[in-house]
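Labels below follow one simple rule: chain letters A, B, ... track the order of the sequence lines, proteins then strands, and each chain is numbered from 1. Basis for what follows: all heavy atoms, side chains included, without hydrogens, waters or symmetry-related copies.
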2 protein chains.
Amino acid sequence: MTTINDVARAAGVSPATVSRVFNGGRVTAERAERVRKTAAELGFSPNRVARSLRMQRASVIGLIIPDIENPFFTSLARGVEDAAQQTNLSVVLCNTDEDVDKERRYLEIAAAEQMAGVIVAAASRNRTDLSVLEGRGMPVVAVDRRPRGASVDAVMVDNQHGGEEATAHLLRSGYRRIACIAGPEGASTSDDRLAGYRAVMRDHLRETDGGALPPEYVRHADFRVEGGRSAMRDLLALPAPPDAVFVANNLMTVGALQALREAGTEPPRTGVLSFGDVPWASLVRPPLSTVQLPSYDLGWTAAGLLQERIAGTERPLQTVVLRTALQVRESTSGPGAQGGAARD
Amino acid sequence: MTTINDVARAAGVSPATVSRVFNGGRVTAERAERVRKTAAELGFSPNRVARSLRMQRASVIGLIIPDIENPFFTSLARGVEDAAQQTNLSVVLCNTDEDVDKERRYLEIAAAEQMAGVIVAAASRNRTDLSVLEGRGMPVVAVDRRPRGASVDAVMVDNQHGGEEATAHLLRSGYRRIACIAGPEGASTSDDRLAGYRAVMRDHLRETDGGALPPEYVRHADFRVEGGRSAMRDLLALPAPPDAVFVANNLMTVGALQALREAGTEPPRTGVLSFGDVPWASLVRPPLSTVQLPSYDLGWTAAGLLQERIAGTERPLQTVVLRTALQVRESTSGPGAQGGAARD
DNA sequence: CGTTCGCGTGAAATGGATTTCAAGGGATTT
DNA sequence: AAATCCCTTGAAATCCATTTCACGCGAACG
C-alpha cells in the first residue's frame, strides 16, 4: 500500500505538505498540483484507520436499529444514508434484534471504533443505556424512541396525533365500535398512539351520548405478527365484537388481518387502520388505509441533527417531532360497502 | 479515555504485558490477575482504531448488498451477522442501491478501513470491480452473483434447479400454458432460472407433442415491481394468454399479482409461482407457492468461507451452490379449483 | 535600512496498541 | 559447578496520517 510518505518522497516534499494538499491546508498551487499528480500515479488514498487514530474520530456514523427486517427501519436507514452522503460520511448499520445486550455490544463498538456519531433507535426505552457514548462526548441522536434519562437530540413521530387521525378516519368511514390493538404497555410509541385513540373516542362518545368506551376494546400486544393475531382473535370472541380496529403497528396489522381472514370478516366489513405502512400493502385485498410514518424523513432529519453536532454546534438539545400522514386507500370504504351488499 | 499505558502504570507492569494479558500471550497468573483487575477498575477497553492500525486489519467485516429493502438481502444479512458473531467479528452493512458507483465507493471504504474481509452481493455482474480489494489481498466472498473475472470464493443459488422445480410444480398443478417473466437479459441469476424453465417446458412439450414453446411467453423485465406488472399485462394481452406464469423474482411477482388482480384472473385461476419468497406472502390471498431461496444460509455460508480466508487458509477457490426449496402453499391448487367453479 | 508580519514549509511529536528483540531469572542437564 | 534452555518481561520500533512549532523568506511598513 502506498502511504503518505511514499507520495511525499516521490513528489519531493514532506508528508505534512501532502496532508495539507488533501485536507485544505495552505500550499502553493504549483506544489499542490505536483503532489496531486504523484498521488494519482501512485494510487494513493489516505489510510482511514491512521487518520481516525490521529483525529480521534472516524468518518463513519453508526446507525443502530432494532429490526433490519422491518421496512420501517430500512426506510429510515435510507434516509440516514442519503443525508450522510452529502458530507462524505459513510453509514454502518447495526441490527440489534431488539436485544439490549446485542445493542450494548454495538454501542461499545461504536465507542471503540470512535465513530463520528451514532443514530440509535433504541431497543428499549428503559434498558437502553447510552452512557457509554455520552461519557465520551460522542454525538448521539435518538430516533423513534428516546431512552429514558438520555440527554440527546431526538427525532420522534407525533404518535398521539397519528392515533387521533387514524381513529377519526375510522369514524368518518362509518364504523362505530372501534377497538384498539396497542403495543406493550409502557412503550411510549404505543402509549401515545393509544392516547390519541382514547381522546378521539371519548369525544365521539360524549357527542353521541354513546356511553363509555368498553375497556375490553383495548388490547395490549407485543408489536409482532403473532401478538396482533391473537389480540384480534380475542376481540372477535367478545360478546359485542368491534366493527373496526386501530392497530398500533404494521406487523401486528399483518397478524390482525390473518385473524380476520380466518373469521371471514375481512375489511371492509371489519375496518382496519394500521399505524405504519403495511409492507406490500398493495397486495392486501382490499387495499388498506394506513397512518404513514415518515420513516425516511425520520432518518434524514436525524442525520442532519447528528451532523450539526459532529460539526460542533453548541445549540441546546432539540427534539423534532414529525407528523404522520393519513393515506386513504379504500376504493369503496366503510362498513356499508360490503356489509350492505351482503344483507341483500 | 484510559489507555493501555494507564493500565500498565497503575498495575506496575509494561504496556506489552497488558497487551499480552488481553491477547493470550504468556503472562504469569498472578500478574495477569492484577492487570485484569486494574483494567476493570479503570474501565479500560482497547482502542480498536489503534489496534487496527497496528494489526493492519480491523475486526469488522463489510457486507455490501444492492437493496436493503429487499427481504432477500436482509435475511442474508442476518445469516452473515449470526455467523460472524461467533468469532467476535462485527458486521457493517452497506447498501449500494444497485448503483455501481455507490458500490465502488463502499469497496474503497472497505479497503481504506482495512476491514478484515468483505462479502459482496454485486450490483452488476459485468461492471462490479473487485480489484480494489483483490489488489490488497483482502479476503472477499461473493454471494448470489459472482462478478465476471473475479477470483474469489462464492456462494450461489442453484438457479437453474429452482427454475426447473418451479415450472415442474406448475405443470403438476395442472397448468399447461406456462409463461415466464424473467429478469434482465444477461444477468446470470435470471438466465439460469429461465434456462430451468425452458428445459422443463421443452421436455414437457416433447412428451406431449405440444409443439414449440411460444417465444412470446418469455418476457424480460428488470427485477422490480413495475417491470413485473407491465410484463404480466403484456402476457395477458396476448391472443392466447398463459394460464400460469413463473416469475423470476419476488418483487416482480408483486407486480404480476397486481396486474392479475386488475384483470380479475388472480390465482389460482392463473397460476403464479414466484422465485424467491414474496414478503408477507401470508397476506396474499390465496397463499402463493414459491421457490424458497436459502437467503439466510447464503449469508451464513459466505461468512463461514470468509472467516476461513481471514484465518489464512490456503485452500483453492471454492464455489458453494445452495439449492432452493419448493414451498407449496396452495390449499386447493391448480386451475380447476376456482376456474371450474366459475364455469358453472 | 531595520523591523514586523505573513505565509509556506518540514521536522518531529502525537494518537494507542502490538510485536520484535534482547535480557534476566529460574530450572534442568551435563 | 558450569552450561543450556525455556519462560517471562520490558524497551523500543512500528503502523500512518495529522498537527504543532519553529524556521526562513519575501513583502510591507516605519
Side-chain angles (χ1 to χ4, degrees), chain A residues 1-36 38-39 42-60 88 108-109 111-116 136-138 312, chain B residues 1-36 38-39 42-60 88 108-109 111-116 136-138 312:
Chain A
M1 235 24 278
T2 90
T3 74
I4 200 173
N5 293 295
D6 302 332
V7 177
R9 207 171 314 119
V13 299
S14 77
T17 301
V18 178
S19 171
R20 282 189 269 257
V21 169
F22 285 96
N23 296 288
R26 314 197 59 94
V27 179
T28 51
E30 179 264 331
R31 269 159 181 259
E33 189 42 45
R34 197 166 75 229
V35 168
R36 250 187 282 276
T38 325
L42 270 56
F44 165 75
S45 77
N47 180 321
R48 285 172 167 243
V49 179
R51 161 183 271 163
S52 299
L53 177 61
R54 180 61 229 247
M55 308 246 283
Q56 303 280 51
R57 158 186 304 179
S59 48
V60 164
N88 272 326
E108 279 162 12
I109 288 174
E113 294 276 1
Q114 300 181 160
M115 294 183 180
R136 307 203 181 198
M138 180 174 290
Chain B
M1 238 25 275
T2 90
T3 74
I4 201 173
N5 293 295
D6 302 333
V7 177
R9 206 171 316 120
V13 299
S14 76
T17 301
V18 178
S19 171
R20 282 190 270 256
V21 169
F22 284 95
N23 297 290
R26 317 199 58 95
V27 180
T28 52
E30 180 263 332
R31 266 158 183 263
E33 188 44 43
R34 197 165 77 227
V35 168
R36 251 187 282 276
T38 325
L42 271 54
F44 165 75
S45 77
N47 181 322
R48 286 173 166 242
V49 179
R51 159 182 273 163
S52 299
L53 176 60
R54 179 59 230 246
M55 308 245 286
Q56 303 280 59
R57 159 186 305 180
S59 49
V60 164
N88 271 326
E108 278 162 13
I109 288 174
E113 294 276 3
Q114 298 179 164
M115 293 183 180
R136 307 201 181 199
M138 182 174 290

Original post:
Taking the side chain as C-beta and beyond, is there a heavy-atom pair between A/Arg31 and A/Val21 under 4.5 Å?
Top reply: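 A/Arg31 vs A/Val21: side chains apart.
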
**OP:** Quick one, give me the B/S/- string for nucleotides 15-24 of chain D, reading 5' to 3', where B means a protein heavy atom under 4.0 Å from the base and S means that only happens at the primed atoms, P, OP1 or OP2.
**Re:** BBBBBB----

Original post:
Which is true for B/Val49 with a 4.0 Å heavy-atom rule: it touches a base, it touches only sugar-phosphate, or it touches nothing?
Top reply: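 B/Val49: no heavy atom of the nucleic acid under 4.0 Å.
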
**OP:** Specify the separation, in whole Å, of atom CZ of B/Arg9 and atom P of D/dG10.
**Re:**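 Interatomic distance, CZ of B/Arg9 to P of D/dG10: 14 Å.
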
Original post:
Do any side-chain nitrogens or oxygens of B/Arg26 fall under 4.0 Å of OP1 or OP2 in D/dT9?
Top reply: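 For D/dT9, OP1/OP2 do not have a side-chain N/O of B/Arg26 under 4.0 Å.
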
Original post:
Looking at B/Ser19, B/Ser14, B/Pro46, which hits side chain to side chain contact (heavy atoms under 4.5 Å, CB included) with B/Ile4?
Top reply: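 By the side chain to side chain contact (heavy atoms under 4.5 Å, CB included) criterion, B/Ile4 pairs with just one of B/Ser19, B/Ser14, B/Pro46: B/Ser19.
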
**OP:** Could you tell me whether a side-chain N or O of A/Arg34 sits under 3.5 Å from a main-chain N or O of A/Ala11, the two making a donor and an acceptor?
**Re:**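 Present.
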
**OP:** List the atom of A/Met115, the atom of A/Met138, and the distance in Å for their closest heavy-atom pair.
**Re:**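 That would be O-CE, 3.2 Å.
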
Original post:
What do the steps show when you test A/Val13 against A/Val35 for side chain to side chain contact (heavy atoms under 4.5 Å, CB included), and what is the final call?
Top reply: CA-CA 8 Å; A/Val13 299; A/Val35 168; 4.0 Å; yes

